[in-house]
Protein chains: 2
Amino acid sequence: MGKAALKSPARKRTAPKQERQQQLIQATIRSVAKNGMSDTTMATVSSEAGLSQGIINLHFQSKDRLLVETLRFLSEQYRETWEKAVFKAGDDPADRLAAMVAMDFKAPVCDRNKLAVWFAFWGESKSRPTYRKICAMRDMEYRAELQQACHDLVDQGGYQNLDAKSVAASLSAMTSGLWLDLLTNPRCMTREHARRICMSYLAITFPRHFPGRSKQP
Amino acid sequence: MGKAALKSPARKRTAPKQERQQQLIQATIRSVAKNGMSDTTMATVSSEAGLSQGIINLHFQSKDRLLVETLRFLSEQYRETWEKAVFKAGDDPADRLAAMVAMDFKAPVCDRNKLAVWFAFWGESKSRPTYRKICAMRDMEYRAELQQACHDLVDQGGYQNLDAKSVAASLSAMTSGLWLDLLTNPRCMTREHARRICMSYLAITFPRHFPGRSKQP
DNA sequence: TTGCAATGAATGAACAATCATTCATTCGCT
DNA sequence: AGCGAATGAATGATTGTTCATTCATTGCAA
């Protein structure tokens with residue numbers, strides 16, 4: 001054991017496998033956001049990570065696997081985030097809905113780089129069954145939770161004319177549509193504004209459980 | 001002149017410039033839908049068009065310009081389509097809204113190939129200012145029209161608590177979100193179902209101008 | 001009509017650049 | 001010393017672009 005502490009403690013040259021993989025996935029997100037999926041190469045990713053050329057093949061075997069693992073990471077982070085939010089919200093279905101909406105427009109999920117990457121994967125999803133499966137699973141799980149909360153609220157609040165499934169589909173669609181605004185039009189749309197728009201939808205849909213919509217800009 | 005009609009009348013070897021360019025843009029849409037943006041090459045496009053390697057540089061100078069012109073085509077076709085739909089709908093703002101929603105989920109706009117291409121461009125838009133400008137302009141024009149119709153309906157129908165801008169933003173977001181469903185989950189979402197979801201939103205937002213929402217699946 | 005240049009659209013082989021992947025070597029930790 | 005992590009030059013495949021050539025069409029002369 002060396003006498004001196006020595007070394008830049010900030011960045012070890014050799015790191016545990018999982019840590020390096022995570023580092024490369026983060027670099028992939030930055031590269032896809034900065035250069036687009038088409039211009040993201042092994043070189044742009046490894047350079048973004050501050051590591052060498054061959055590092056990706058060492059940890060992920062191929063570029064394809066790196067991209068799949070990146071999508072899987074985004075997908076799992078999304079699920080963990082809303083699961084946590086729902087748990088914290090407790091039993092009340094209205095609280096659960098509000099928590100899921102809030103989560104959709106806050107870090108770590110709603111980050112401009114990550115939004116760009118989501119859309120990049122969606123754009124490739126028609127030609128890549130693996131992407132489509134991961135996306136479909138994320139969507140299914142999220143929407144099932146949304147639907148459950150809507151169903152509970154319809155029951156508990158006596159909204160007999162509402163179809164929980166349709167409301168969940170509407171809310172989910174609105175969310176991804178607002179993500180698009182945040183991505184392509186960040187000057188006209190903020191995360192807080194996007195959240196308010198979703199809450200307005202909840203307000204007219206479940207008027208007895210959410211504060212009424214006002215003429216906000 | 002010529003005795004025999006001669007020639008395969010179906011495909012002339014030399015065609016007017018504009019016709020060839022259109023042919024190549026259609027081939028680009030098919031290739032991006034089939035192979036994704038990353039795996040769309042000069043070879044896949046020209047082969048999809050049934051033409052030779054050099055043909056794209058002859059007509060578009062570069063791959064970049066081909067892609068930009070493809071996005072511009074989609075954007076202009078979208079605008080022409082909704083302009084026509086709004087014109088046909090006449091003066092009534094509720095009719096105009098319904099017409100724009102219907103147009104969003106019908107050919108030629110709502111084609112699965114074209115949706116894939118839209119998302120591919122959106123995914124690259126953060127890294128390509130040219131893409132972002134074209135997308136932003138399309139969105140702005142469309143939303144201005146939507147907003148106008150909402151504004152008229154708010155005035156005429158006495159919906160004093162509604163903000164036309166927010167309603168337009170909600171509807172627009174819902175539309176692109178439903179496009180995502182149609183792209184990634186075509187088995188669970190149809191164009192007609194998507195249209196109904198939008199109409200349900202209009203029904204709860206403008207209850208005196210649209211038929212009430214029922215418990216449809 | 002028939003023959004014959006002239007035109008320019010279309011081709012596809014060739015080229016240089018870029019790409020993902022490999023692997024012999026170096027480096028750092030125990 | 002020994003071992004695994006990391007490197008980066010090397011490799012072959014793929015890419016966008018170029019350009020000499022081919023070929024259908026058109027205009028003109030006889």
Side-chain angles (χ1 to χ4, degrees), chain A residues 1-28 31-32 34-70 124 127-128, chain B residues 1-28 31-32 34-70 124 127-128:
Chain A
M1 43 257 341
K3 48 198 69 178
L6 71 98
K7 169 69 59 38
S8 68
R11 175 173 295 189
K12 289 178 293 187
R13 183 185 146 89
T14 79
K17 254 190 168 176
Q18 200 181 350
E19 187 175 319
R20 266 288 114 95
Q21 294 193 0
Q22 184 56 32
Q23 183 182 356
L24 289 169
I25 285 175
Q26 296 296 341
T28 305
S31 171
V32 172
K34 182 192 290 181
N35 311 111
M37 186 74 98
S38 303
D39 293 339
T40 285
T41 67
M42 303 296 261
T44 64
V45 172
S46 53
S47 133
E48 190 75 42
L51 295 168
S52 67
Q53 284 272 16
I55 193 74
I56 295 172
N57 289 283
L58 180 66
H59 286 280
F60 290 98
Q61 288 76 52
S62 73
K63 187 189 181 186
D64 272 343
R65 292 172 84 96
L66 169 71
L67 291 173
V68 169
E69 290 308 316
T70 300
E124 307 257 289
S127 56
R128 303 232 171 189
Chain B
M1 34 216 59
K3 47 197 71 177
L6 71 96
K7 174 68 59 41
S8 68
R11 175 173 296 189
K12 288 177 297 186
R13 181 184 146 88
T14 80
K17 254 190 168 177
Q18 201 182 349
E19 188 176 317
R20 261 296 105 101
Q21 293 192 0
Q22 185 56 33
Q23 183 182 354
L24 288 169
I25 285 174
Q26 296 296 341
T28 304
S31 171
V32 172
K34 184 193 290 180
N35 311 110
M37 185 74 99
S38 303
D39 293 339
T40 285
T41 67
M42 303 295 263
T44 64
V45 172
S46 52
S47 133
E48 189 76 42
L51 295 168
S52 67
Q53 282 272 17
I55 195 71
I56 295 171
N57 288 283
L58 180 66
H59 286 281
F60 290 98
Q61 288 76 54
S62 73
K63 187 189 182 186
D64 272 343
R65 292 172 84 96
L66 169 72
L67 291 173
V68 169
E69 292 307 316
T70 300
E124 306 258 290
S127 56
R128 302 230 172 188

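Worth knowing before you read on, the calculation uses all heavy atoms, side chains too, and leaves out hydrogens, waters and symmetry mates. Letters A, B, ... mirror the listed sequences (proteins, then strands); counts begin at 1. Just so it is clear, the structure is predicted and the values come from calculations on it, not from any experiment.
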Next on the checklist: Run the side chain to side chain contact (heavy atoms under 4.5 Å, CB included) test against B:Gln53 and tell me which residues pass, sequence neighbours left out.
Outcome noted: B:Ala43
Next on the checklist: Can you list everything that forms a side chain to side chain contact (heavy atoms under 4.5 Å, CB included) with B:Asn57? Sequence neighbours excluded, please.
Outcome noted: B:Met42
Next on the checklist: Rounded to whole Å, how long is the line connecting atom CD of B:Glu19 with atom P of C:dA9?
Outcome noted: 13 Å
Checklist entry - Can you tell me if the side-chain N/O atoms of A:Arg20 get under 4.0 Å from OP1 or OP2 in D:dA6? => result yes
Next on the checklist: Can you list everything that forms a salt bridge (Lys or Arg N to Asp or Glu O under 4.0 Å) with A:Glu48? Sequence neighbours excluded, please.
Outcome noted: A:Arg30, A:Lys34
Checklist entry - How many angstroms lie between atom CE of A:Met37 and atom CE of B:Met37, to the nearest 0.5 angstrom? => result 11.0 Å
Item to check | Pairing residues for A:Thr44 by the side chain to side chain contact (heavy atoms under 4.5 Å, CB included) criterion, not counting sequence neighbours | outcome: A:Ser31, A:Asn35, A:Thr40, A:Thr41
Item to check | Whole-Å distance separating the CD atom of B:Gln23 from the C1' atom of C:dA10 | outcome: 12 Å
Item to check | Spacing of A:Ile55 atom CD1 relative to D:dG4 atom P, expressed in whole Å | outcome: 16 Å
Next on the checklist: I'd like to check the side chain to side chain contact (heavy atoms under 4.5 Å, CB included) partners of B:Ser62; sequence neighbours left out, ordered by chain and number.
Outcome noted: B:Asp64, B:Arg65
Checklist outcome for this item: Here the distance between atom C1' of C:dA10 and atom CD of B:Gln21, to the nearest Å, is 15 Å
Checklist entry - Rounded to the Å, how far apart are A:His59 NE2 and D:dT7 C1'? => result 11 Å
Checklist entry - Could you write nucleotides 17-23 of chain C as a row of B, S and -, 5' to 3', where a protein heavy atom under 4.0 Å of any base atom gives B, of only sugar-phosphate atoms gives S, and otherwise -? => result --SSBB-
Next on the checklist: Can you measure A:Leu51 atom CG to C:dT26 atom P for me and round it to whole angstrom units?
Outcome noted: 20 Å
Checklist entry - Taking NZ from B:Lys17 and P from C:dT7, how many angstroms apart are they, rounded to a whole number? => result 17 Å
